[in-house]
4 protein chains.
Amino acid sequence: MPDHEDKLVGEFPFVPKQERAQQKRNALIQSGNALFNSKGYEQTTAKEIAAHAGVATGTFYRYFSDKRQLLMSLIEDKLENYLPPEPSWVSSDPEFLLASLLEAHYNRLNELGLHRVLPELLSKDSELAEVLGTARKKIHARIHYGLTQASEKGLTWTDLDLDTVSWAIMVLVENGQEKERQSGKKVDFREIAKVICRMVFPPAVLEHLRNSENDTTE
Amino acid sequence: MPDHEDKLVGEFPFVPKQERAQQKRNALIQSGNALFNSKGYEQTTAKEIAAHAGVATGTFYRYFSDKRQLLMSLIEDKLENYLPPEPSWVSSDPEFLLASLLEAHYNRLNELGLHRVLPELLSKDSELAEVLGTARKKIHARIHYGLTQASEKGLTWTDLDLDTVSWAIMVLVENGQEKERQSGKKVDFREIAKVICRMVFPPAVLEHLRNSENDTTE
Amino acid sequence: MPDHEDKLVGEFPFVPKQERAQQKRNALIQSGNALFNSKGYEQTTAKEIAAHAGVATGTFYRYFSDKRQLLMSLIEDKLENYLPPEPSWVSSDPEFLLASLLEAHYNRLNELGLHRVLPELLSKDSELAEVLGTARKKIHARIHYGLTQASEKGLTWTDLDLDTVSWAIMVLVENGQEKERQSGKKVDFREIAKVICRMVFPPAVLEHLRNSENDTTE
Amino acid sequence: MPDHEDKLVGEFPFVPKQERAQQKRNALIQSGNALFNSKGYEQTTAKEIAAHAGVATGTFYRYFSDKRQLLMSLIEDKLENYLPPEPSWVSSDPEFLLASLLEAHYNRLNELGLHRVLPELLSKDSELAEVLGTARKKIHARIHYGLTQASEKGLTWTDLDLDTVSWAIMVLVENGQEKERQSGKKVDFREIAKVICRMVFPPAVLEHLRNSENDTTE
DNA sequence: TATGAATGAGAGTTCATTCAT
DNA sequence: AATGAATGAACTCTCATTCAT
């Protein structure tokens, strides 16, 4: 992360403009993220973001057409974080596996921390809603895919509505934060995982999977 | 609480101050509710609320010190709506019972519709957070109580963490709205109920309960 | 000043309406006076005045067209307080006489206490300015008259500009309050009187007057 | 304080931020001064001040947290104007000397013209009251000092209360404005000076001073 | 007449965005 | 490109005054 400016002969804006620009842009995005998370979107001013990023107010508008656009960029930049890892159900204790997957995903969401920012915006900003909806659909799809795999292997309840279950899993993870904030207690992923496993797998299968614990997981 | 105004003769300007004032106050609360729901809390101005309620801006401030206080009143006024009915698990198909309970509760929440209003506020307004936290704790307690009943009758999984399950149920219901808005699809309470029942009851118990389907529900 | 309405057959609102009205009007004026003095004119609201007087807001406007008019009434009602007593210079120690006159006048002004209310208003309200200007002119005239008497008896400096001296006396008394408020010290009328006497009377005359102290003072 | 912008070559945007900002700030202070004087403090809005200064409303708030703070700045900026010059009594006609000193001081106060602004504020704004009280104390102290000099040289009445006389002088000058505004007549400083001289100097001393009129004045 | 709820213009203030430097 | 001062629309809230009861 050094500045690359300590050249020999010097010269002026040696570092390609692009790069410096990217740096500023990133700084702004980071600052936006930090401030939106800590104070909320409406409560954060463009000036603050600029100041936090160490640039002038006007510079903000060189990189983003407005505050909203910064938020969009923020979301898009970090979108991949929304994607949970794909589980492979076979070959390990599914509860344990799930618990760690959930925790990992939960932590990424937490870091991103847009929960408290988004709900209010979604209703007035349909483009944003769409961007975010897309992200959630991707998550949903990935969970759904994992379940399908399990289902095709005959591991799940036969009458399982994969859609509903995927959604339930997604919702439970997303809301862990809220639980944590409000109750003070840490989220117990082991328990959540247990509960989810019972939604998905019949007891016999669970038993079987747990016993065929052969190799590594992560 | 009848209107007392439908007099035959008389026509005294009856119940004048109190009642009219209540009407205005209610109109404002309703308008606040409607606008907060459709535009979000931050995006709604006191002026708009007043206009929507058909009163002048200043009138708003006769009844509420500010927008925030109206929101608080709104929540307190409707708090009981947050409380789900208490289920009695025995003596009917638990899935069916649960599905209808969930739907009823969901509809009340929906009507209240504060979901999109609250998240942004909770982090900056600790008093509000507390009010709402209390409400949620009550919901949680009621669900928890229903589960305890079932548990004590030996109906549930023996290793069930009632706390986690209560929370999961609460979260799933609360988030139905979001699902509906984003996916367009109606929430399928039957499926959710099925999933929850599997979290709570071992298959054998479920089977048994379903077969002992004799009489009344509530 | 009886109201002439106390008819024989009379009836309920036994106390003649006029009188009740006068009472309210007076109550409002008193309240206005008290509040203007303690909070300033702009900082006092019509509602407060009404509340303080124990009547409804609307009632205020039955008696006064607006807040300003109440102030005018207030001033006119109490205008005579502005008039200082007329001194008779001969026949007593003039310093002592003056000191007591000044103190008496000062106390009346003090009680009226409009100092802090008026200056700001004078510039925007020419009618009020006129009302008050008139009052001050009367005071000035009375002081001037007292001095003329003295002058005609050959007691004063021969080259005395009575106008200037009258004004100076008026100003010094009026500003005593301010001095008191700001310095904390009580105004020493004896000293002021001494100073004024020197403005007005040559030392020889003063000496003479002081010695011819024959009869009563106050 | 020349503008530095009239460069021959160069044309660097010289002294850009500081100076322009100072200009705006000054413009606002001037406008505040002008408007407070002509309309009174309460009657002047921040918006008006900004408009009068030719800037936008928001700009006002860049330089001053609010109207009150502008007033404070105004007072502090001009505080030295409150200080009257120190007289040296000996060696010239004291009446003449005093008249010109009074007039000079009067004119400065007049220019500052806060008289009509302050009284209403002093009672509710103790910080402001203090700022202004300090200023008045300085004036008082300076007059007092001048008198002490004279007193120590044995020029004054021996029983003179310097404190009271200083205050009287201060008050008379400060109130000249009011007199002028209300009576329409110009203040006659010659007469006031005469009156004050009689408060301070015994006739014999006055006579003597007037005759020893030899050389320089101040 | 008396009441006090209702009104709405307008004051004070903020902040997203523009623009001269 | 970068800066940060300037802009002004829009928001919150107050209060003199009106008006239905």
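By convention in this document, chain letters (A, B, ...) are assigned in the order of the sequence lines, proteins followed by strands, and residues within each chain are numbered from 1. As the structure is a prediction and not an experimental result, all values here were calculated from the model.
- Going from atom CD of C:Q43 over to atom P of F:dA16 covers 10 Å, rounded to whole Å.
- Nucleotide F:dA1 has no partner under the Watson-Crick or G-U criteria, as no pair reaches both atom distances under 3.5 Å.
- Checked against E:dA6, F:dG8, E:dT3, the side chain of B:T59 finds its nearest nucleotide in E:dA6.
- OP1 or OP2 of F:dA6 lies within a sub-4.0 Å distance of a side-chain N or O belonging to D:Y63.
- When the P atom of F:dT18 is taken as reference, atom NZ of C:K67 falls 15 Å away, rounded to whole Å.
- Side-chain atoms of B:E48 come within 3.5 Å of backbone atoms of B:T45 as a donor-acceptor pair (strictly under, hydrogens ignored).
- Counting non-hydrogen atoms under 4.0 angstrom, D:T45 reaches the backbone sugars and phosphates but no base.
- When each of C:R62 and D:K47 is assigned the nucleotide of DNA chain E with its nearest heavy atom, C:R62 is the one assigned upstream, toward the 5' end.
- Here F:dT12 is the nucleotide among F:dG8, F:dT12, F:dG4 with the atom lying nearest to any side-chain atom of B:A46.
- At least one side-chain nitrogen or oxygen of B:Y61 sits closer than 4.0 Å to the OP1 or OP2 atom of F:dC13.
- Looking at heavy-atom distances under 4.0 Å, D:F64 makes no contact with the nucleic acid at all.
- Between the side chain of B:T59 and the backbone N or O of B:V55, no donor-acceptor pair lies under 3.5 Å.
- Rounding to the nearest 0.5 Å gives a distance of 12.0 Å between OG of A:S73 and CG of A:N33.
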- Task: Kindly determine whether A:M72 and A:F64 satisfy side-chain contact (heavy atoms from CB on, under 4.5 Å), including the steps that lead there.
- Result: CA-CA 10 Å; A:M72 302 279 281; A:F64 304 97; over 6 Å; no
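- For the pair B:K24 and E:dA6, the criterion of a side-chain N or O lying under 4.0 Å from OP1 or OP2 is met.
- Atom CD of A:E42 and atom P of E:dT14 are 17 Å apart (whole Å).
- Nearest-nucleotide assignment on DNA chain E puts the 5′-proximal partner with C:V55, out of C:V55 and D:G58.
- For the pair C:I49 CD1 and E:dG4 C1', the computed distance is 16 Å after rounding to whole Å.
- Rounded to a whole Å, the CD atom of B:Q69 is 15 Å from the P atom of F:dT12.
- As rounded to whole Å, 14 Å separates atom C1' of F:dT3 from atom CG of A:L28.
- When rounded to the nearest whole Å, the span between CG of A:D66 and C1' of E:dT18 equals 13 Å.
- The heavy-atom pair separating A:K67 from A:E42 by the smallest distance is NZ-O, 3.8 Å.
- The separation between B:Q23 atom CD and E:dA5 atom C1' is 13 Å, rounded to whole Å.
- Across all strands shown, F:dT14 is found opposite E:dA9 as a Watson-Crick or G-U wobble partner, with both distances under 3.5 Å.
- Of the two residues near DNA chain F, C:F60 and D:T57, the one whose nearest nucleotide lies more 5' is D:T57.
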